[in-house]
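Below: the structure, in C-alpha cells.
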Amino acid sequence: MAHPRMYDDSNPAIERLREICLALPEVFEKEAWGECTFRVTGGSMFAMTDNNHHSSGHVAVWVKAPAMVQEIVVGSDQKRFFVPPYMGKQGWVGVRIDYKVKWDQLAAILKDGYQMSAPKKSRTRASTSAAPKRAAKPPRRKKAPSRIRYET
C-alpha cells in the first residue's frame, strides 16, 4: 500500500528546500514514504522531508551528516535541530524548516550530506568556484651537483 502524500508542493519552505537540493549536480527528487526525498544519481539519498511525519508536529528535513555534526547542532539549538527517528542513529540531523530557518546554514548542511552520498565525480563538480584555490607551488629546481676541484 502506497503512503499518502504528506507534503504540499506550494509550501514556500518546501519550494526553497527543493531549489537548494536540485541545484547540486546530478540530484533528483523521488517521493518515498509520502515525503520528498533527494538523491544523487549513482549515489544514495541525502535528504528527506518531514511534514508532520508520524505526528512530529513540525515541517523539517532530515539530512545525512558527517560524524559529530548531529551532536553539535542539536546541542546548539534544540528548537531548530533534532535527532530524527529511524535515521538519527546513523548520524542524520533533523532541521526544522518551519521555524527560524537560516537557509545558508541549511544549504551547508545539505551540501555536506550530498557529498557523503555522491560518487566522487559528482562531489568534484559540487566544489564551489568561490572557494579559495591554493596557488600551485613552482616546480623545485634541482641543484646542479657541485664540482669537485682538486688542487695540485
Side-chain angles (χ1 to χ4, degrees), residues 1-140:
M1 181 175 148
H3 289 297
R5 178 174 273 189
M6 303 294 291
Y7 61 96
D8 176 4
D9 271 329
S10 66
N11 180 327
I14 298 293
E15 289 176 358
R16 182 81 184 267
L17 174 68
R18 182 176 283 131
E19 180 182 304
I20 293 167
C21 291
L22 295 178
L24 296 166
E26 300 185 43
V27 169
F28 65 97
E29 181 177 347
K30 179 180 178 182
E31 186 174 311
W33 311 288
E35 299 282 3
C36 306
T37 67
F38 298 94
R39 301 159 188 255
V40 186
T41 301
S44 60
M45 180 173 72
F46 68 95
M48 174 183 157
T49 58
D50 168 356
N51 291 275
N52 196 32
H53 201 81
H54 296 293
S55 303
S56 65
H58 57 236
V59 178
V61 60
W62 301 351
V63 186
K64 186 182 268 191
M68 299 299 297
V69 168
Q70 180 192 82
E71 184 179 341
I72 292 166
V73 298
V74 172
S76 73
D77 187 346
Q78 293 185 7
K79 289 187 178 185
R80 290 182 40 233
F81 302 104
F82 60 95
V83 176
Y86 313 113
M87 306 302 271
K89 64 185 174 196
Q90 296 169 350
W92 287 51
V93 63
V95 184
R96 288 185 58 180
I97 58 174
D98 63 352
Y99 175 79
K100 296 184 180 182
V101 184
K102 293 182 181 177
W103 290 103
D104 56 337
Q105 183 183 44
L106 177 55
I109 293 169
L110 287 162
K111 186 174 179 182
D112 285 346
Y114 163 84
Q115 293 206 354
M116 292 177 68
S117 299
K120 187 175 182 177
K121 66 178 182 152
S122 299
R123 289 193 306 261
T124 304
R125 282 188 235 150
S127 300
T128 60
S129 57
K133 293 185 179 179
R134 297 174 97 178
K137 290 183 180 180
R140 282 189 162 177

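Quantities reported herein were computed from a predicted structural model and do not represent experimental measurements.
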Provide the closest heavy-atom pair for Gln78 versus Val74 in the form atom of the first, atom of the second, distance. CG-O, 3.1 Å
State, to 0.1 Å, how close Leu22 and Glu29 come at their nearest heavy-atom pair, and which atoms those are. CD2-N, 4.1 Å
Quick check against the 3.5 Å criterion: does Thr41 have a side-chain atom that pairs as donor or acceptor with the backbone of Glu26? yes
Looking only at heavy atoms, the pair that brings Gln105 and Phe81 closest together is OE1-CZ, 3.6 Å
Asp50 CG to Arg96 CZ distance, which is reported to the nearest 0.5 Å: 10.0 Å
Among residues at least two apart in sequence or on other chains, which ones pass side chain to side chain donor-acceptor pair (under 3.5 Å) with Asn52? none
Which label fits Phe82 and His58: parallel for a plane angle under 30°, tilted from 30 to 60°, or perpendicular past 60°? tilted
Give a yes or no on whether the backbone of Ile109 and the side-chain of Tyr114 come within a donor-acceptor separation of less than 3.5 Å. no
Can you sort out the partners of Val69 under side-chain contact (heavy atoms from CB on, under 4.5 Å), two or more places apart, ordered by chain and number? Ala65, Pro66, Val73
What distance do Trp62 atom CH2 and Ser56 atom OG have between them, rounded to the nearest 0.5 Å? 8.0 Å
Could you give me the CA-CA distance, side-chain angles and deciding distance for Asp8 and Ile14, then say whether side-chain contact (heavy atoms from CB on, under 4.5 Å) is met? CA-CA 8 Å; Asp8 176 4; Ile14 298 293; over 6 Å; no
Do the non-hydrogen side-chain atoms of Leu17 and Thr49 ever get within less than 4.5 Å of each other? yes
Please name the pair of heavy atoms, one in Gly94 and one in Pro84, separated by the smallest distance, quoted to 0.1 Å. N-CD, 3.5 Å
I need the full list of salt bridge (Lys or Arg N to Asp or Glu O under 4.0 Å) pairs touching residues 59-84, with sequence neighbours left out, sorted by first then second residue. Asp77-Arg80
Heavy atoms only: give me the nearest Gln70-Gly88 pair and the separation to one decimal. NE2-O, 2.9 Å
Listed partners of Asn11 passing side chain to side chain donor-acceptor pair (under 3.5 Å), at least two apart: none
Listed by chain and number, what are the salt bridge (charged side-chain N to carboxylate O under 4.0 Å, His left out) partners of Glu15, not counting sequence neighbours? none
Would you sort out whether Ile97 and Leu106 count as a side-chain contact (heavy atoms from CB on, under 4.5 Å), showing the intermediate values? CA-CA 9 Å; Ile97 58 174; Leu106 177 55; 3.8 Å; yes
Taking every heavy atom of Phe46 against every heavy atom of Ser117, the minimum-distance pair comes out as CB-OG, 3.3 Å
With Phe38, which of Lys30, Met45, Arg18, Met48 fulfils side-chain contact (heavy atoms from CB on, under 4.5 Å)? Arg18
Counting distance only, does the side-chain N/O of Glu31 pair as donor-acceptor with the main-chain N or O of Cys36 below 3.5 Å? no
With sequence neighbours excluded, residues passing side-chain contact (heavy atoms from CB on, under 4.5 Å) with Ile72: Met68
